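Keep in mind it's a predicted model, so treat the numbers as computed, not measured. A, B, ... follow the sequence lines: proteins, then strands. Residue 1 opens every chain.
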Amino acid sequence: MHYTFTIERGNFADAGQASSNVKRTLKQLGVDPASIKRAVVALFEAEINAVAHAYGGTIDVDIDAEKVMMVVADEGPGIPNLELAMQEGWSTASPQVREMGYGAGMGLPNIKKNTDELKIDTKVGVGTTVTMIVKLV
Amino acid sequence: MTVKDLIEKLDLKCLNPVNLDAEVTSAYACDLLSDVMGNARSGQVWITMQTHKNVTAIASLKDMPAVIIVRDGVPDDDMLQHAKDEDICLLVSKDTTFEVCGKLYELIK
Ligand SMILES: Nc1ncnc2c1ncn2[C@@H]1O[C@H](COP(=O)(O)OP(=O)(O)OP(=O)(O)O)[C@@H](O)[C@H]1O
Ligand SMILES: [Mg+2]
């Protein structure tokens, strides 16, 4: 099964819709709750990052019997130092974004923890593509 | 203790009366959304001062039955609507986070 979603620039209110849809679908498929939770935590964090740090983008989700693969691709500034960005506590979130409760620098670590495979392709001045795989038991 | 008991005992205003029979055995108090995303457990009640729609989105993803907004915070219109759509019990306390946590802890410890 394949699903596509669009992430609009600056639209925090609708961020989370993809995660919510994926959750519903996985539930209907009878996937175990723990795997569902891992997938949606990772997807939500990546979705929010594309809104908070980039200019929006697209989400592609593929579900089969063994795994869910989620690709969040944005147009944006890219991540100059990925190693630093992966560290818990590192954040360049703007004051407006922090006011909403983001900017703890925990999103990428949450993604890492909740996925079985994670690949981040990023190019400064172009954008970032986060590919996440969660195995379904 | 149920969400309904919680509303009575903590004198909370209930903006969306759902999940009233859900059992409350624990809570998570935090205003950092990714911390809640990473560390809150399903079934916990979320205590926060954040009043926007991403809170109900996270509560729903994490299967948290209720959110308590502290210090008489007013949820954004789309947060309230989202709570209704996603069946999250939205509660408001006049107390601070410290006071809500203290009272709740006494009740369920
Ligand atoms: N899609 C992206 N485009 C550009 N920069 C990004 C992107 N995702 C993450 N970053 C950079 O990596 C940093 C760390 O991201 P991470 O998600 O861990 O924390 P955060 O978003 O700042 O805060 P939190 O997720 O805890 O709310 C960000 O502050 C930002 O500098
Ligand atoms: Mg983040």
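For chain B, the option among A/Met106, A/Met100, A/Arg98 with the highest count of heavy-atom pairs below 4.5 Å is A/Met100. Heavy-atom pairs under 4.5 Å with chain A peak, among B/Val55, B/Leu32, B/Asn54, B/Asp78, at B/Asn54. Highest contact tally toward chain A, considering only B/Ser42, B/Gly38, B/Ser34, is held by B/Ser34 [criterion: heavy-atom pairs under 4.5 Å].
Surrounding CG of B/Asp77 are at most 12 heavy atoms belonging to other residues, nucleotides or ligands under 6.0 Å away.
Neither the backbone nor the side chain of A/Glu88 comes within less than 4.5 Å of any heavy atom in chain B. Contacts between A/Arg24 and chain B at a heavy-atom distance below 4.5 Å involve the side chain alone, from C-beta outward. Within the 4.5 angstrom heavy-atom criterion, no atom of B/Asp76 approaches chain A. Interface remark: B/Asp35 contributes backbone and side-chain atoms alike to the contact with chain A (heavy atom separation under 4.5 Å). Contact annotation for A/Ile36: neither backbone nor side-chain heavy atoms come within less than 4.5 Å of a heavy atom of chain B.
With respect to B/Arg41 and B/Asp63, no salt bridge is recorded, no charged nitrogen being found less than 4.0 Å from a carboxylate O. The pair A/Asp62-A/Lys67 fails the salt-bridge criterion, with no side-chain N (NZ, NE, NH1 or NH2) lying under 4.0 Å from an Asp/Glu carboxylate O. No salt bridge links A/Lys123 with A/Asp121; every basic N to acidic carboxylate O contact stays at or beyond 4.0 Å.
Checking B/Asp31 against B/Gln50 by side-chain atom types alone, no donor-acceptor pair falls below 3.5 Å.
Annotation: side chain of B/His52 is not in contact with side chain of B/Met79 (no heavy-atom distance under 4.5 Å).
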